[in-house]
Amino acid sequence: MAQYRRVSGSVGLITLQNPPVNALSASVRQGIVDSVKRALGDQKVKSVVICGQNGVFCGGADIREFGRQMSGPPLVPMIHDIEAANKPVVAAIEGSALGGGLELALGCHYRISHSKAKLGLPEVTLGLLPAAGGTQRLPRLIGVPAALNLITTGRHVTAAEALQLGILDHVTEHNTVDVAVKFALSVTGESLDGRRISSFSCAPLSDLDSLFEEAMLKVRGAARGAIAPVACVQAVRAAATLPYAQGMEREKELMATLFHSGQARALQYFFFAQRAVGRWSTPSGARWDTSQPRPVRKAAVIGLGTMGRGITVALAQAGLSVVAVETHAKQLMEAKKAVPSMLKRGAVRGGTTIEPDSITYSETVQAVADVDLVIEAVFEDMALKEKVFQQLSIVCKPDTLLCTNTSSLDVDHLASQTRHPELVVGMHFFAPAHVMKLLEVVYGRRSSPAAVATAMQLGKKMGKVSVAVGNCRGFAGNRMLKRYLEQAFFLLEEGATPELVDRALEEFGFPMGVFRMSDLSGLDVGWRVRKADGLADTSLTGTSARVRQGCRYSPLGDLLCEHGRFGQKTGRGWYQYDKPGGRVAKSDPWLHNFLDEYRARHGLVPRCIDQQEVLERCLFVLINEGFQILEEGIAAGPEDIDAIYVFGYGWPRHRGGPMFYADMVGLERVVERLERYHQAHPNVPYLQPSGLLRRLVANGSPPIHKWRNVIKNRNSQL
Ligand SMILES: CCCCCCCCCCCCCC(=O)CC(=O)SCCNC(=O)CCNC(=O)[C@H](O)C(C)(C)COP(=O)(O)OP(=O)(O)OC[C@H]1O[C@@H](n2cnc3c(N)ncnc32)[C@H](O)[C@@H]1OP(=O)(O)O
Ligand SMILES: NC(=O)C1=CN([C@@H]2O[C@H](COP(=O)(O)OP(=O)(O)OC[C@H]3O[C@@H](n4cnc5c(N)ncnc54)[C@H](O)[C@@H]3O)[C@@H](O)[C@H]2O)C=CC1
């Protein structure tokens, strides 16, 4: 709703009231319409101020209403009536003015903002465009290039930038509403000609066609198949080339195509999923709202290799003092150079400063005696990690949280090496650790609620999306990835090429296909794991060469490593590169020859594989593992898995994440395709649909937000 009162004798003050962000729900819109009518009809009122309660102007349209039958007054005529008013209307912006909130402000005759406010048109991130006149008014106000940038990226700008761009008339450090009311009094009776943005023309540009061509190319390149950014460019083009009324028609037409699209549904689902993962719970009953995190002021990192350096940077950027320990002198020396330069680059990008002396370096673990939390990032070797945890348990304060960045080892086993296993959790970062948004917080059988809460909160402080997951081999993300990789290898055996598989995945929206991604991460990483598991034995011949532990196995990755092809680092992998460390993947005739010979040796007759099969085999098997993970209670809900895949593995956000994708495709179809592939490949047991997936189908395939009701944690971890 909206509250209306008269202040300072002649100013009608309208306050939007819909906590927490004053979203423009039906009742808020009704409240605005009624209040504006009252203000305009009251002879004592000479000017109007619109503000939001609790220091937030407006977070935009109420996203929860999008999936429902729309009711209440529509936004477009509401804003039009405000702009057409014959009394000055001033927007008093505090907190946020986003989406429909900024569009409302653009309909006002003046905009005054607090210096700490953020403004933007983020609709594109929800698969939409600013369809309450945003695409038509903003270019008329600030020019086409600047409007294109804001509308196609959805980025939020500071009040200072908004003032510079011309969105705001005034920025204040004081009470914004008071300043706006005074301002409203000062403009009483002044002509409003020249204050109604819809009457402006866009500033003329010399070469409009090439500007839009370039914008379209840029947007298509970055969009990875997302349709909203393209529609945003088309809408701004309409502002630049058509009269306002026709531009508004075009805006509406483009919005109609987006509004009910699968991409808009996916992006809006993901908006709430991202927030839902913060409300974590574990099968033992620990929860985000009942578990108290401990304060962490000083942290330590053990092992300054690839991951340890990134983690050190991320901790320092979060404002913590860091003790960085590396036992190998050469590595330590390199880290001492690399970490400050990573920090410097980060500071330039983020416009921040980091005290270089917030990090101290040491060659011995004794240096961590007084820290609140340790993150271990030494080699992936259980014997070494056991030793490190035993040492830490002796050296650290009894209440220090001990975390491991292991990507595959057993967190419970590491906890058992310490005096306080309840203070041990996994903090699984993704490379590069100071850049990637995802953090899996792995709770063990004995991890205390406070330990989980502390790691989750620290992750948030480091700017990560922290997702709580249970302890199992590969946790949630890598466990699912393993299935995806295996299917990709099988497809090569059956006749596909790395190029074909990658093209299908990239057209789906991944930034890189599975083979290009493996070349980037290094093929030797998986090889080492398979060797440690006793799987990578290329001396086997005949049928046993492609079977391990009774299941189908592809030794292709192992064979490539034996040829010294580790990917980009060696200049050869699934592709060839111009030099070791080269970045541009080129098709490699050697590899195609190698695949032909391999198939001939094993009597495999190559067949034609289409993109649909690639997607179904690689993605449905990953999704199936996701259902298994939900069934086992390793992840609490589908949102957790989707956040892990979007933030950690490049799953296209406009497809919502793997579990949302399964919901979109239809669970019955996923089951039917998995069963079909399982019939064709009976020695791949994980192609059999998981119990939970079957139960959901048996329950009539409820929509994703109802899955939790069906999930029974039969295999509680704790
Ligand atoms: C034939 C069909 C034709 C169809 C034509 C249809 C025409 C329809 C015309 C309609 C035109 C409307 C166009 C338009 O302008 C659309 C929009 O405005 S879309 C919304 C744009 N706004 C945003 O994207 C902002 C989203 N919010 C944020 O970025 C942040 O929440 C914010 C910076 C505001 C605050 O951040 P923070 O303090 O960190 O809080 P949280 O993010 O945790 O949020 C707190 C809480 O509030 C919920 N929430 C936030 N924003 C909204 C929202 N806009 N609607 C609903 N709910 C919102 C958020 O989910 C949190 O709640 P949880 O329970 O934790 O999820
Ligand atoms: N590289 C990656 O993409 C990811 C790795 N991880 C995990 O992170 C951990 C570290 O991996 P990387 O950084 O890639 O390894 P790395 O090989 O780059 O670095 C390990 C570092 O630990 C140091 N070290 C070894 N023993 C030590 C000890 N006792 N005390 C102090 N330092 C010691 C080594 O000298 C080396 O500098 C592993 O558990 C790995 O599985 C997790 C996520 C991603």
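Atoms within a ligand are numbered from 1 in the order they appear, just like the ligands themselves.
Atoms of ligand 2 found under 4.0 Å from any heavy atom of A431 (numbered from 1 in listed order, with element): 3 (O). Close approach of ligand 2 to T406 is summarised as follows: ligand atoms under 4.0 Å from at least one heavy atom of the residue are 39 (O).
Any N or O atom pair closer than 3.5 Å counts here, and H156 shares no such pair with ligand 1. Between N405 and ligand 2, at least one pair of N/O atoms sits closer than 3.5 Å. Checked by distance only, ligand 2 and M307 come closer than 3.5 Å through their nitrogen or oxygen atoms. By the 3.5 Å distance cut-off applied to N or O atoms, I63 is counted among the residues near ligand 1. At a 3.5 angstrom cut-off on N or O pairs, R279 counts as close to ligand 1. Not a single N or O atom of P130, backbone or side chain, sits closer than 3.5 Å to an N or O atom of ligand 1. At a 3.5 angstrom cut-off on N or O pairs, G59 counts as close to ligand 1. Polar contact with ligand 2: present for T306 (N/O pair, distance under 3.5 Å). Ligand 1 has no nitrogen or oxygen under 3.5 angstrom from a nitrogen or oxygen of S96.
Side-chain contact between Q417 and S393: absent, with no pair of heavy atoms (C-beta onward) separated by less than 4.5 Å. Using a 4.5 Å cut-off on side-chain heavy atoms (C-beta onward), T360 and V322 make no contact. Contact of the Y269 side chain with the I704 side chain is registered, since non-hydrogen atoms from C-beta on lie closer than 4.5 Å. Contact check for W288 versus S281: no side-chain heavy atoms found under the 4.5 Å cut-off.
In this structure, F430 falls outside the shell of residues with a heavy atom less than 4.0 angstrom from ligand 2. Ligand 2 lies within reach of K385, whose nearest heavy atom is under 4.0 Å from it. Residue contacts with ligand 1 include V21, since one of its heavy atoms falls under 4.0 Å from the ligand. Ligand 2 is approached by H428 to a heavy-atom distance shorter than 4.0 Å.
Neither the backbone nor the side chain of T125 has any atom closer than 4.0 Å to an atom of ligand 1 (non-hydrogen atoms only). No part of L409 comes within 4.0 Å of ligand 2, judged by heavy-atom distances. By the criterion of a heavy-atom distance under 4.0 Å, neither the backbone nor the side chain of K118 is placed next to ligand 1. At a heavy-atom cutoff of 4.0 Å, ligand 2 is contacted by no atom of T404, backbone or side chain. The part of E103 lying near ligand 1 is the side chain, judged by heavy-atom distances below 4.0 Å. When non-hydrogen atoms are compared, ligand 2 lies under 4.0 Å from the side chain of H328 (C-beta onward) but not from its backbone.
Protein heavy atoms come within 4.0 Å of atom 18 (O) of ligand 1. Contact annotation for atom 36 (O) of ligand 1: protein absent (non-hydrogen atoms, distance under 4.0 Å). Protein heavy atoms come within 4.0 Å of atom 13 (O) of ligand 2. Checking atom 9 (C) of ligand 1 against the protein gives no heavy-atom contact under 4.0 Å.
Protein heavy atom closest to atom 24 (O) of ligand 1, with residue, atom name and distance, is P122 CG, 3.3 Å. Protein heavy atom in closest approach to atom 2 (C) of ligand 1: H260 NE2, 3.6 Å. Looking only at protein heavy atoms, the nearest one to atom 54 (N) of ligand 1 is A61 O, 2.8 Å. Protein heavy atom in closest approach to atom 57 (N) of ligand 1: F272 CE2, 4.1 Å. Atom 40 (C) of ligand 2 has its closest protein heavy atom at E380 OE1, 3.7 Å. The nearest protein atom to atom 30 (C) of ligand 1, hydrogens excluded, is given as R275 NH2, 3.9 Å; this is a heavy-atom distance. Of all protein heavy atoms, the one lying nearest to atom 33 (C) of ligand 1 is L98 CD1, 3.7 Å.
With salt bridges taken as basic N to acidic carboxylate O contacts below 4.0 Å, one links R708 and D640.
Judged purely by distance below 3.5 Å, without hydrogens or angles, the side chains of N149 and R155 pair a donor atom with an acceptor atom.
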